[in-house]
Amino acid sequence: MADFNSMELMICIAARSLEDGAVVVVGTGAPCAAAMLAQKTNAPNLVIMFEAGGIAPLLPTMPISVGDSRTTHKALMASTMAEIMENCQRGLVDYCFLGGAQIDRFGNLNSTIIGSDHSRPKVRFPGSGGANDLASLCWRTMVVTPQDNKRFVEKLDFCTTPGFLNGGSSRADSGLPEGTGPYRVITDIGVYGFAPDTKEMQLLSLHPGRNTDDVCNNSGFEILIPEKYEYTLEPTEEELRVLRDVVDPLRYIIGR
Amino acid sequence: MADFNSMELMICIAARSLEDGAVVVVGTGAPCAAAMLAQKTNAPNLVIMFEAGGIAPLLPTMPISVGDSRTTHKALMASTMAEIMENCQRGLVDYCFLGGAQIDRFGNLNSTIIGSDHSRPKVRFPGSGGANDLASLCWRTMVVTPQDNKRFVEKLDFCTTPGFLNGGSSRADSGLPEGTGPYRVITDIGVYGFAPDTKEMQLLSLHPGRNTDDVCNNSGFEILIPEKYEYTLEPTEEELRVLRDVVDPLRYIIGR
Amino acid sequence: MTTQFPLKTGKGRLFIQPDAEAGREISRRKDKRLVSKLTTVKDAVNRYIHDGDYLALGGFGSNRISTSLLHEIVRQKRKDLGLAGHTVTHDCQILAAGRCFNRCDIAYVVGLEARGLSRNARSMFEDGSVEVTEWTNASLAWRFKAAAMGLPFLPARVMMGTDTFEYSGSKEILCPFTGKKLLALPALSPDVALIHVHRADIHGNCQIDGIIMADDDIAKASKRVIITTEKIIPVEDIRREPNRTVIPYWCVDAVIEMPFGSYPANMPGEYFSDEDHLKEWLAAEKDPETFKAFLEKNIFGCSDFYEYLQINGGIEKIKLLREKEFLSN
Amino acid sequence: MTTQFPLKTGKGRLFIQPDAEAGREISRRKDKRLVSKLTTVKDAVNRYIHDGDYLALGGFGSNRISTSLLHEIVRQKRKDLGLAGHTVTHDCQILAAGRCFNRCDIAYVVGLEARGLSRNARSMFEDGSVEVTEWTNASLAWRFKAAAMGLPFLPARVMMGTDTFEYSGSKEILCPFTGKKLLALPALSPDVALIHVHRADIHGNCQIDGIIMADDDIAKASKRVIITTEKIIPVEDIRREPNRTVIPYWCVDAVIEMPFGSYPANMPGEYFSDEDHLKEWLAAEKDPETFKAFLEKNIFGCSDFYEYLQINGGIEKIKLLREKEFLSN
């Protein structure tokens with residue numbers, strides 16, 4: 001068994017989820033690392049976009065902002081925020097990667113406030129940024145997040161970004177594009193998907209050394225545990241080598 | 001009295017109507033000649049745009065198409081058709097110049113068909129092109145046209161392009177931008193404006209050698225003749241010199 | 001649902017219904033890999049343009065058009081095409097020569113701007129061969145833009161109060177914020193777009209000099225896109241100036257290197273339009289026999305575009321048109 | 001009139017009401033002559049930015065921002081400004097340092113992306129000093145675009161079903177063609193826009209390298225536009241490459257040549273962001289006294305931007321950031 005930390009594990013799982021020829025909008029940090037890793041392993045034709053306008057750069061190093069000059073390094077196109085979002089709205093973009101302060105059973109995310117009074121929040125977070133847009137418009141939303149009771153909550157303080165809203169057909173009824181929604185939630189404990197009918201979060205695979213008690217005890221809502229689930233394949237030596245030597249040699253992300 | 005033909009007269013009058021610092025969208029032919037003449041006489045800061053995307057070129061010679069390379073010769077911007085039209089919609093453009101096969105008392109224009117059956121017209125003309133857009137969106141529509149009973153009609157076969165629609169407040173009620181509409185109709189007989197209340201066409205000034213009978217006998221509808229009207233000032237020697245030597249030395253337009 | 005708006009609706013037929021979800025599926029299925037799309041004019045027309053398809057043409061009539069593809073469509077005798085006429089001039093005239101289309105969203109057709117009207121194209125619109133819906137240059141440009149933006153419609157402030165509106169497929173709506181009347185333009189997603197550009201790489205990333213007309217939006221709006229290009233350039237050149245990429249590769253299905261491919265139309269910065277040839281074409285249309293012979297010589301008798309170019313003066317002619325483009329003659 | 005739509009409306013306040021007619025009057029009155037608009041930072045802020053104005057900031061937070069203008073706004077103690085927060089990061093942090101604004105359309109505020117959160121900016125949003133309406137990056141970009149297009153609104157397919165919608169100023173509508181639910185975004189016309197570009201002529205024609213973010217639309221949407229530029233270039237250079245003009249001169253009211261004017265933020269192709277200085281700023285906010293001294297040193301104690309640049313390393317620092325930009329360190 002190779003030695004790796006949870007961040008490395010999450011990045012490797014995320015990278016594997018991206019098939020060759022897919023289009024992904026990523027932010028900085030783990031998602032960007034995952035996309036770079038995918039490009040250098042299983043998905044050489046992965047198209048990486050940044051919401052501020054960068055399209056298909058040859059990333060020389062990890063960007064520090066989704067609008068910095070790395071995001072257009074030898075890019076195929078330097079465009080606008082509107083252009084990226086219109087690409088998403090037109091159905092061009094397969095994946096987006098998001099995080100958040102809170103997530104609920106339907107994959108809705110909160111990155112706006114903690115507290116119940118919107119005008120006087122206990123904590124003000126940055127807000128949607130492009131998260132609501134990407135989760136509304138891209139075909140599949142991927143969430144990469146550490147899992148604990150504070151993040152996995154029964155009720156969000158604020159629904160910044162749509163998952164399956166109230167579950168069932170509520171997302172489809174909302175006016176959001178058809179066939180879209182949360183696809184995978186990748187945590188340090190397991191990988192989750194969503195039940196086809198109720199759209200509740202359910203376990204897909206457990207990480208090495210984890211059990212279903214870890215799943216339950218680290219969530220404020222009940223995560224469905226189906227009779228059959230997988231065990232997450234460990235990162236391969238090759239994945240870890242590329243991630244550590246090529247993608248993030250300075251350990252900005254994987255050193256967290 | 002200088003010697004000049006009606007085309008030269010119409011172009012000179014049109015040029016004088018354009019004040020310095022105004023923005024005008026022009027087509028090929030007489031309007032473009034008028035704009036170039038204005039730039040070289042009374043309106044050096046006139047901004048010329050072409051509907052296909054050219055913005056503020058230094059016109060080396062008369063374009064043959066509103067999209068040809070002359071329209072971006074040393075231009076300040078090479079843009080898109082949508083960009084030009086959005087400039088108009090945003091209220092940036094003061095003047096547009098139009099013509100048409102038919103015009104009515106309210107300055108509505110027909111450049112679509114002759115005949116009463118739209119699916120089997122007696123004559124098919126090109127259609128609106130950008131005419132409807134420009135007349136809808138620019139502040140002031142200028143019409144330059146020869147005047148006769150066939151062109152000045154009681155009822156258009158087809159209203160391609162909005163003037164004051166049915167007169168009165170009908171244009172304002174239509175949803176078209178406020179404060180817009182036909183401004184001047186410049187013919188080989190006179191210059192016309194529109195009555196402030198009814199929006200009917202009325203005589204503003206008579207060309208040299210013309211009388212009010214010419215006005216009436218060359219129109220299928222009654223043109224209002226106010227008690228007071230002007231007499232058109234003849235083209236100056238300087239205007240004619242610039243028009244003939246600089247603007248249209250090959251007499252493409254003024255030789256018609 | 002639309003009865004909620006007690007407002008007017010144009011009676012023109014929508015040849016393409018706006019459908020944002022269908023558009024999303026098409027974008028999703030496009031190939032996003034950087035593969036070579038190089039092919040030939042014959043193959044591209046054969047493979048991507050079918051009888052009955054709805055076409056959008058890039059450029060602006062007699063400027064930066066895909067002449068080689070238009071001739072090939074006529075040679076391959078495509079029929080019953082739909083046509084987006086957001087100012088189509090010589091391009092419309094070529095397709096009319098083959099009587100290739102039977103429906104048209106019209107902004108500007110049958111004319112060649114200052115050059116005059118095409119008698120043959122006119123006859124198609126006058127004898128009932130073509131079903132027409134009326135629009136304007138802006139409204140067609142914005143209909144492409146709506147599709148490019150992934151929207152089913154865009155609001156606008158044109159056409160209201162006119163017969164152009166009455167014979168269009170647009171609707172009046174009220175602004176949800178100001179309560180004022182606006183026009184709603186349905187998104188337009190053509191089956192195929194033909195676009196001629198200055199430079200493209202083998203994947204279809206395109207650069208255009210001068211005005212773009214509506215080509216960026218058309219490329220994004222269309223189900224299939226065929227690019228002819230004056231020159232193929234390496235992808236490294238695209239990556240060196242990402243600000244210059246007007247059409248990204250994933251829009252594009254076929255790329256054909258076709259120097260002088262806009263002839264006899266203008267190609268900004270390359271060659272001016274061949275006014276003599278355009279005049280000859282217009283004149284030939286006046287007599288059916290003359291026109292038949294003209295078409296036999298210039299299209300049906302030519303195996304490809306270069307034969308057509310050759311019989312009209314070849315590279316020597318292009319050199320003259322280059323001089324004209326650079327204002328030296 | 002809007003009661004025709006039995007659909008939801010966000011309860012957030014619209015700080016700027018969409019009004020296409022008012023926008024048209026502003027465009028009409030803009031000076032279209034090619035005159036010099038060269039001035040100084042002090043003069044531009046003094047003349048064009050008033051207490052209570054609503055501001056839009058170009059660039060994207062810590063990339064290509066008008067640092068010199070932002071510092072001057074703080075120095076001139078502007079108050080009660082409105083702010084379009086379509087990802088404002090270090091720029092928001094600067095204005096928060098002066099507590100210059102009291103209302104904000106939020107997409108992304110108080111954070112500096114991967115660098116962490118600004119404690120001082122957060123406090124303004126947590127203690128009720130700022131009235132907020134929630135939006136998203138796309139919805140703010142499209143609100144600018146609506147104004148730039150001369151429209152009172154644009155449809156979109158985001159935000160529906162979320163609290164972001166509930167606390168926004170948008171409305172649900174039905175598509176007049178498909179009958180499906182859409183979002184309507186009201187046009188946003190800021191009083192003033194601050195935009196930093198690579199090159200501009202004295203009239204205000206601007207070129208930008210790399211991503212444009214929303215600056216083209218912001219420039220067209222705003223009543224007044226102040227441009228700082230790395231370099232003034234002759235109008236002949238603009239005319240040589242009309243494809244590169246991103247902002248046309250008539251949008252612009254003031255032009256200031258300000259080399260390194262985006263420091264400590266990134267300027268694509270020129271210099272990378274000064275991460276050490278940004279870290280120092282974030283750290284200084286942790287203690288009120290430290291932060292007061294920090295601001296005294298970096299803003300209030302500086303007579304202009306170059307003094308600020310000088311005390312943070314001057315040209316030597318810029319040289320290092322250039323090396324970083326070109327990946328050589």
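Chain letters run A, B, ... following the sequence lines, proteins first, then strands; residues in each count from 1.
Nearest heavy-atom pair, D/Ala141 versus A/Met81, reported as atom, atom and distance to 0.1 Å: CB-CE, 4.2 Å. Closest of all the heavy-atom pairs between A/Met85 and D/Ala138 is CG-CB, 3.4 Å. Considering every non-hydrogen atom in both A/Ser65 and D/Asn63, the closest pair reads OG-ND2, 2.8 Å.
Looking at A/Thr72, the atoms closer than 4.5 Å to chain D (heavy atoms on both sides) all sit in the side chain, from C-beta outward. Using a 4.5 Å cut-off between heavy atoms, D/Asn137 contacts chain A through both its backbone and its side chain. For chain D, the nearby part of A/Thr112 is the side chain; its heavy atoms alone come within less than 4.5 Å. For D/Leu117, the part sitting under 4.5 Å from any heavy atom of chain A is the side chain, from C-beta outward, and nothing else. With a 4.5 Å cut-off on non-hydrogen atoms, D/Arg64 does not touch chain A at all. Contacts of A/Pro162 with chain D are made by both backbone and side-chain atoms, with heavy-atom separations under 4.5 Å. For D/Glu166, no part sits under 4.5 Å from any heavy atom of chain A, backbone or side chain. Using a 4.5 Å cut-off between heavy atoms, D/Thr136 touches chain A through backbone and side chain atoms alike. For D/Ala121, no part lies under 4.5 angstrom from a heavy atom of chain A. With a 4.5 Å cut-off on non-hydrogen atoms, D/Glu134 touches chain A through its side chain but not through its backbone. Using a 4.5 Å cut-off between heavy atoms, D/Phe144 makes no contact with chain A at all. Residue D/Tyr167 touches chain A through its side chain alone, counting heavy-atom pairs closer than 4.5 Å. With a 4.5 angstrom heavy-atom cutoff, A/Asp173 touches chain D only via backbone atoms.
Remark: A/Arg70 qualifies as a cation-pi partner of D/Phe272 under the 6.0 Å distance and 45° angle criteria applied to the six-membered ring.
The candidate from D/Ser273, D/Gly111, D/Gly161 with the greatest count of non-hydrogen atom pairs under 4.5 Å with chain A is D/Gly161. Across A/Ala78, A/Gly53, A/Cys159, the residue that shares the most heavy-atom pairs under 4.5 angstrom with chain D is A/Cys159. Per-residue heavy-atom pair counts under 4.5 Å with chain D were compared for A/Asp117, A/Leu165, A/Leu137, A/Ile64, and the maximum is reached by A/Ile64. For chain D, the option among A/Gly163, A/Cys88, A/Pro121 with the highest count of heavy-atom pairs below 4.5 Å is A/Pro121.
Counting non-hydrogen atoms of neighbouring residues, nucleotides and ligands closer than 6.0 angstrom, the CZ atom of A/Phe221 exceeds 12 such neighbours.
Summarising the geometry, atom OG1 belonging to D/Thr162 is positioned 11.0 Å from atom CG belonging to A/Asn110; distances are rounded to the nearest 0.5 Å. If you take CG on A/Asp68 and CD on D/Glu325, they are separated by 8.0 Å, rounding to the nearest 0.5 Å. Rounded to the nearest 0.5 Å, atoms CD1 (D/Ile211) and OG1 (A/Thr71) are 4.5 Å apart. In this structure, OG in A/Ser119 is found 12.5 Å from CD in D/Glu126, a value given to the nearest 0.5 Å. Taken from CE in D/Met159 to OG1 in A/Thr161, the straight-line distance is 10.5 Å, to the nearest 0.5 Å. Atom OG1 of A/Thr80 sits about 10.0 Å away from atom CG of D/Asp215, to the nearest 0.5 Å.
Proximity to chain D among residues 122-134 of chain A is limited to A/Lys122, A/Val123, A/Arg124, A/Phe125, A/Pro126, A/Gly127, A/Ser128, A/Gly129, A/Gly130, A/Asn132, A/Asp133, judged by heavy-atom separations below 4.5 angstrom.
Within the 4.5 Å cutoff, side-chain heavy atoms of A/Thr61 are placed close to those of D/Leu327.
Ion pairing between a basic and an acidic side chain is recognised when a charged N comes within 4.0 Å of a carboxylate O; D/Arg157 and A/Glu178 show no such pairing.
One N or O on the side chain of D/Glu113 and one on the backbone of A/Val66 form a donor-acceptor pair closer than 3.5 Å. With hydrogens and angles ignored, the 3.5 Å screen pairs no side-chain donor or acceptor of A/Ser69 with any backbone N or O of D/Gly269.
Listed by first then second residue, pairs satisfying salt bridge (Lys or Arg N to Asp or Glu O under 4.0 Å) with a partner in residues 96-108 of chain A read A/Arg105-A/Glu154, A/Arg105-A/Glu200, not counting sequence neighbours.
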